[in-house]
Amino acid sequence: MTDVALDKADPAGSLPSTEKEPDDEIEEKNQEDPPATAAEGEGAAGGVYRYIKGDLFTSEIFKVEIQNLPKYIGFNDLKKFLNKHGINPHKIKLFSKQMFAFVTFKNQEERDKAMKAVHGMQWKSKVLSVRLAKPKADPILKKRKQEEEAEGGQPGAKRAAGSQEGEEDEEEPLNIQIANAVTPGLTVPYEEQLKRKEKEVEGVLQKLTREIGNNNKAMLPWLFVQKEKYNKMCCPLEAIRPSPVQTEYRNKCEFVIGVGADGEDKTVGFRLGKYKGGSCAVVSPSETTHVSSEAKRIVQGFQQFIRTTPYAVYSPETYEGHWRQLTVRTSRIKQTMAIVFFNPQKLQEEEIEELKRNLRQYFTEGEGKESAITSLYFVRMGQRTSAGTEDLPCEHVTGEEWIHEELLGLKFRISPHSFFQTNTPAAEVLYSAVGEWAQLDQDSTVLDVCCGTGTIGISLAKRVKKVIGIELCQEAVDDAKANAEANGLTNVEFHCGKAEDVLPTVLNAVVSPNVTAIVDPPRAGLHSKVILAIRRAEHLKRLIYVACNAKAAMNNFIDLCRAVSNRVRGAPFRPVRAMAVDLFPQTMHCETILLLERVDYTTNRICSNASVMSTEIVSLKSVVPQ
C-alpha cells in the first residue's frame with residue numbers, strides 16, 4: 001500500500017556557506033515551520049492539504065528538501081549516500097537538473113535525525129543544506145481548485161473554447177478511452193508491438209554496455225569486441241519470444257470501485273487516469289481485451305451486489321465510504337478467486353459479519369452464483385496509521401482456500417497474496433527459456449530468489465540435485481512447499497524472509513561446485529545487499545536475471561559487473577546472452593532475461609605509450625564455457 005491521498009494505487013491492469021548550521025538552529029526551524037502550517041494556511045482555505053488529518057499515515061508530513069546537490073547524481077547515488085550516513089528515507093524525489101530533492105521519512109524522529117546529519121555536510125565539493133518542505137497538494141483537490149479559479153478568471157471566449165474542448169473529449173466513447181489507458185498498444189499490429197519491445201531492450205543493453213565500461217575499465221577490451229559484433233551491445237540479443245495468447249491473458253486483475261465515468265455510482269473497473277493526475281473516474285472492464293471473460297463475469301456480479309447494499313464507495317478525497325477494491329484471480333482449469341477490499345470505518349462487528357454472510361449467500365445461492373467463484377475472501381482495508389507495508393489479513397468467506405493452476409505439466413496452488421505470473425501461457429515460454437539457458441545437470445544446485453509460489457525452481461527440480469527458494473511472503477512460501485509436495489519433489493526447500501537477510505546464509509551453506517542463481521525480483525529490482533552477497537559467493541558461476549522492468553534493474557546489472565572495490569568484493573559477472581519475452585500484449589511492457597557469468601582475469605599486463613597508460617587484458621574469459 002502507498003501513502004494516503006497522494007500515491008493511491010491505480011490498478012489499471014494492474015506494481016542529489018561551508019559552515020555547518022548549529023543543531024539548535026535547525027531545531028528552532030522545526031518549531032517555527034511545522035508541517036501543520038501548510039494545512040492551517042492554504043489547506044484550510046483551499047482544502048488541498050486536507051489529507052493531513054487525524055492519525056492517518058502519510059510520509060508527506062515528514063518531508064524535507066535537500067538543496068545544493070552535486071551535478072550528475074542519480075536516485076540511487078542519493079539513496080546510497082543517505083544510507084551510508086545511517087539515514088533511511090521513506091521516499092525520494094530527485095530533481096537532478098535543479099540539484100535538489102524532496103525526501104520523506106516514516107516519522108518525525110527520523111526526519112529530524114536526517115536534518116541534523118545532512119545539513120552542512122559536504123558531498124563531492126558541495127555543501128548540502130536541508131529545510132522543511134510543504135506536503136504535496138492533493139492532486140484531485142488541486143485540480144478542482146485550479147478549474148474553479150480558471151472559470152472565475154478566464155475571459156468568456158476562453159471559457160467557451162475550454163468547454164468546447166471538454167465536450168469533444170467526452171464524445172470519445174468510454175470503451176476507447178479505457179482501452180487507451182490500460183492497453184495502449186491495442187491498435188498497433190502485434191508484430192510491430194514485438195519489434196518495439198525488442199528495440200527497447202536493445203536500448204537497455206546498449207546503455208548497460210556504456211555503464212559497464214564506466215564502472216569496470218578492465219572489461220573495455222572485451223566490450224570493444226562485443227560492441228562491434230552486436231550493434232553496440234555487450235552481448236547478443238536473441239529474437240523476442242511472443243506470447244502464445246494476445247487477448248484475455250491476465251490471470252489476475254485489480255479493479256477499483258468508484259463513481260463511473262458515465263455517472264453511475266458503485267462502478268467496478270479501471271480508472272481512466274491516475275489519482276495524481278487528478279482523475280478518479282472508473283470504467284467497466286467489459287470491453288477490454290486483456291481481461292478474461294471469467295473475471296468480467298465476476299466484476300458484473302459483484303457490482304450488482306454492492307449496488308444493493310447501503311454502503312457507499314470509498315472516497316480518496318474525503319476518506320469516507322467503504323467499498324475500495326476487488327481483486328480477481330483465475331486459472332486455466334476454471335477456478336476463480338475473488339478478494340473484496342472494504343473499509344469498515346466505524347461499523348460494528350455485527351454489521352460486518354452480516355455483510356460477509358450476505359456476500360456468501362449471494363455468490364453461493366443468489367444471483368451471483370453464475371459468477372462461478374470457487375474461492376471468496378474479505379479484507380478489511382482501513383486507513384494506515386504507520387508506514388508498514390505488511391499484507392492485510394484475508395478473511396475466508398466461502399469456497400476453497402486456494403485456486404490451482406497447471407504450468408509445464410506441474411500443479412500449483414495459489415493463495416490470495418502469492419505471486420504468480422499474470423500470463424500463464426507466456427510464463428511457460430519464459431520458464432522454458434530459463435531452463436534452456438541454465439545449463440543444468442544432476443550435480444547442479446539452483447537458487448530461486450524471489451521465488452513466489454516456487455514455479456521456476458519446481459519446474460527445474462527434476463533436472464538438478466537441489467533447489468533452494470527464497471521468498472518474502474509467508475503465504476507464497478507455504479504454497480511453494482505444498483506445490484513441491486504435490487508434484488512429488490523431495491529435493492526442494494524454501495526459506496521465508498527478505499532476500500538480503502536470507503541469501504548470504506544460504507550461499508555460505510551451499511557446497512555444490514555447480515551453483516546457478518535465478519532471480520525474478522519485483523519491479524524495483526534486488527536490494528543492494530543481495531547483489532553484494534552474490535558477488536562475494538565466488539562459487540556461484542552463473543546467474544539468470546528475469547526482469548519485469550529492465551530499466552529499473554539497470555543498477556543491479558551494473559553492480560553485478562562493476563570492478564572489485566572495498567564495497568564490492570568478488571569477481572564481477574559479464575552479460576553473455578539476453579532475450580525479451582512478451583508477457584503483456586497490447587502494452588509496452590515485457591520481461592527481459594539476462595544471462596550473466598562470472599569472469600576470471602587470468603593475466604594482466606600494463607602497457608603505456610607517450611600519452612596514456614592502459615591495462616591490457618591478455619586473457620579475459622568466462623569461467624563457464626559458452
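Counting begins at 1 with the first residue of the sequence. Just so it is clear, the model here is predicted, and its values are computed rather than measured.
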Does any pair with a residue in residues 364-379 pass salt bridge (Lys or Arg N to Asp or Glu O under 4.0 Å), and if so which ones, sequence neighbours excluded?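 Listed by first then second residue: nothing to list.
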Could you name each residue pair satisfying salt bridge (Lys or Arg N to Asp or Glu O under 4.0 Å) that touches residues 413-435, not counting sequence neighbours?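 The answer is R332-E428, R413-D479.
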Working to the nearest 0.5 Å, report the span between CG of L376 and CZ of F302.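 The distance works out to 9.0 Å.
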Mind checking the CD-CD spacing from E353 to E395? Nearest 0.5 Å is all I need.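 The CD atom of E353 sits 7.0 Å away from the CD atom of E395.
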[X]: partners by salt bridge (charged side-chain N to carboxylate O under 4.0 Å, His left out), with sequence neighbours left out:
{"X": "E192", "answer": "R196"}
{"X": "D582", "answer": "K197"}
{"X": "R297", "answer": "none"}

Once side-chain hydrogen bond (donor to acceptor under 3.5 Å, both in side chains) is applied, do any residues pair with T309, and if so which ones, sequence neighbours excluded?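 Checked T309 against side-chain hydrogen bond (donor to acceptor under 3.5 Å, both in side chains); matches are W323.
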Quick one: list whatever passes ring pair (Phe, Tyr, Trp, His ring centres under 6.0 Å) with [X], sequence neighbours left out.
{"X": "F584", "answer": "none"}
{"X": "Y311", "answer": "H322, F342"}
{"X": "Y249", "answer": "none"}
{"X": "H589", "answer": "none"}

Got F419 and C473 here, is their nearest side-chain heavy-atom distance under 4.5 Å?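 Counting from C-beta outward, F419 and C473 never come under 4.5 Å.
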Flag the pair E110 / H90 as yes when at least one side-chain heavy-atom distance between them is below 4.5 Å, and no otherwise.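 Not in contact.
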I'd like to know whether the aromatic ring centres of Y377 and H396 sit less than 6.0 Å apart in this structure.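 Yes, close enough.
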Which residues pass the side-chain contact (heavy atoms from CB on, under 4.5 Å) test with P184, sequence neighbours left out?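 Listed in chain order: nothing, the list is empty.
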Qualifying residues under side-chain contact (heavy atoms from CB on, under 4.5 Å), relative to N556, sequence neighbours excluded: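 Counting only residues at least two positions away or on another chain, N556 forms a side-chain contact (heavy atoms from CB on, under 4.5 Å) with L526, I531, Y545.
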Going by atom types alone, do Q586 and Q193 pair a side-chain donor with an acceptor below 3.5 Å?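 There is such a pair (donor and acceptor under 3.5 Å, judged by atom type) between the side chains of Q586 and Q193.
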I'd like to know if the side chain of S415 pairs up with that of D478 as donor and acceptor (distance under 3.5 Å, no hydrogens or angles considered).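 No donor-acceptor contact under 3.5 Å links the two side chains.
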